[in-house]
Amino acid sequence: MSTYEQPLHEQLVELLRHKITQEMHPHDRLPSERLLTQTYQVSRNTVRMALSELEMMGYIYRQHGKGTFVANRVANPTNLTTTYSFSDQMRAEGRHPETRILYLQQLEAPKFLAAHMNLPLGAPIFKLKRIRCADGVPLMVERTFLPVRIFPGLTVAQLTDHSLYHVMAEDYGVRVAEANEAFYAGIINGKDAQRLTVPTGSPCLNVQRSTTDPQERIVEYTLSVCRGDQFVYQVRHVNVAQS
């Protein structure tokens with residue numbers, strides 16, 4: 001019977017994984033590749049292979065030009081069966097949420113948006129583009145579309161110090177009753193990659209959310225691009241038949 005000899009990069013994965021889980025905290029910076037090479041007496045290629053595997057496993061994430069950091073893995077995964085708030089989720093993970101508004105503009109609904117928002121073609125809608133951050137790290141680019149007839153006169157000033165749902169409820173008397181979301185994997189394009197400070201072609205999670213009020217009107221349609229190294233989602237299934 002042959003004896004399995006663990007490759008060097010796998011040995012390094014185990015050493016670094018132990019260090020990450022036992023000695024480090026989420027968003028701590030790892031030593032540079034050069035320092036890891038010297039510390040563990042391995043080649044630069046071995047270090048890169050180990051880091052790539054740790055990134056794939058969700059233990060680390062990289063910021064272009066800044067370094068490699070410990071990921072906040074599944075300690076507080078986002079539960080998709082409850083109402084989701086980015087700010088509340090980040091605070092639950094002990095992180096400081098921040099929203100950067102890029103612009104708010106009015107446009108006419110093209111065919112795609114009109115169909116998804118149950119609006120006539122060309123109906124006036126707002127497009128709100130935001131970057132959602134935690135601890136100064138950009139995590140998500142959001143493009144939110146809102147019917148002008150439901151939110152007339154909406155301004156950036158209203159959204160500067162309050163969440164969108166707060167403004168909906170307090171300024172317009174609109175209560176969110178239900179949100180439906182669809183998720184699919186993808187890669188981040190050039191502009192969004194630049195905004196999220198990751199290399200072009202990095203993996204991402206695309207999220208489509210349609211939110212309705214008690215009258216079943218679609219009050220929000222959002223398309224989000226989320227960094228693949230920063231989000232872990234969970235879904236709890238009940239009453240699942242035995243297969």
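Worth saying up front: this structure is predicted, and the values here are computed from it rather than measured.
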Hydrogens and angles aside, do Q11 and Y40 bring a side-chain donor and acceptor to less than 3.5 Å of each other? no

Looking at D192 and R143, is any side-chain nitrogen of the basic one under 4.0 Å from a carboxylate oxygen of the acidic one? yes

Does R29 reach the main-chain N or O of K66 with its side chain, forming a donor-acceptor pair under 3.5 Å? yes

Please report the shortest heavy-atom distance between L154 and L104, naming the atom on each side. O-CD2, 3.5 Å

Heavy-atom donor-acceptor pair, D135 side chain to H96 backbone, under 3.5 Å: yes

With a cut-off of 6.0 Å (strictly less than), are more than 12 heavy atoms of other residues, nucleotides or ligands near CD of Q208? yes

State whether a side-chain donor-acceptor pair under 3.5 Å links R132 with T99. yes

May I ask you to decide if V156's main-chain N or O and T160's side chain share a donor-acceptor pair within less than 3.5 Å? yes

Passing candidate, side-chain contact (heavy atoms from CB on, under 4.5 Å) with T222, options L146, T144, L164: T144

Is any NZ, NE, NH1 or NH2 atom of the basic residue among K129 and E142 found under 4.0 Å from an Asp or Glu carboxylate oxygen of the other? no

More than 12 heavy atoms of other groups within 6.0 Å of Q38 CD: yes

Hey, could you give me the OH/CD1 distance between Y172 and I150, rounded to the nearest 0.5 Å? 11.5 Å

List for me each residue that meets side chain to side chain donor-acceptor pair (under 3.5 Å) alongside T39, sequence neighbours excluded, and say none if there are none. none

Side-chain donor/acceptor of S52 to backbone N/O of R48, under 3.5 Å: yes

Out of H162, H166, Q158, which one pairs with D171 under the side chain to side chain donor-acceptor pair (under 3.5 Å) rule? Q158

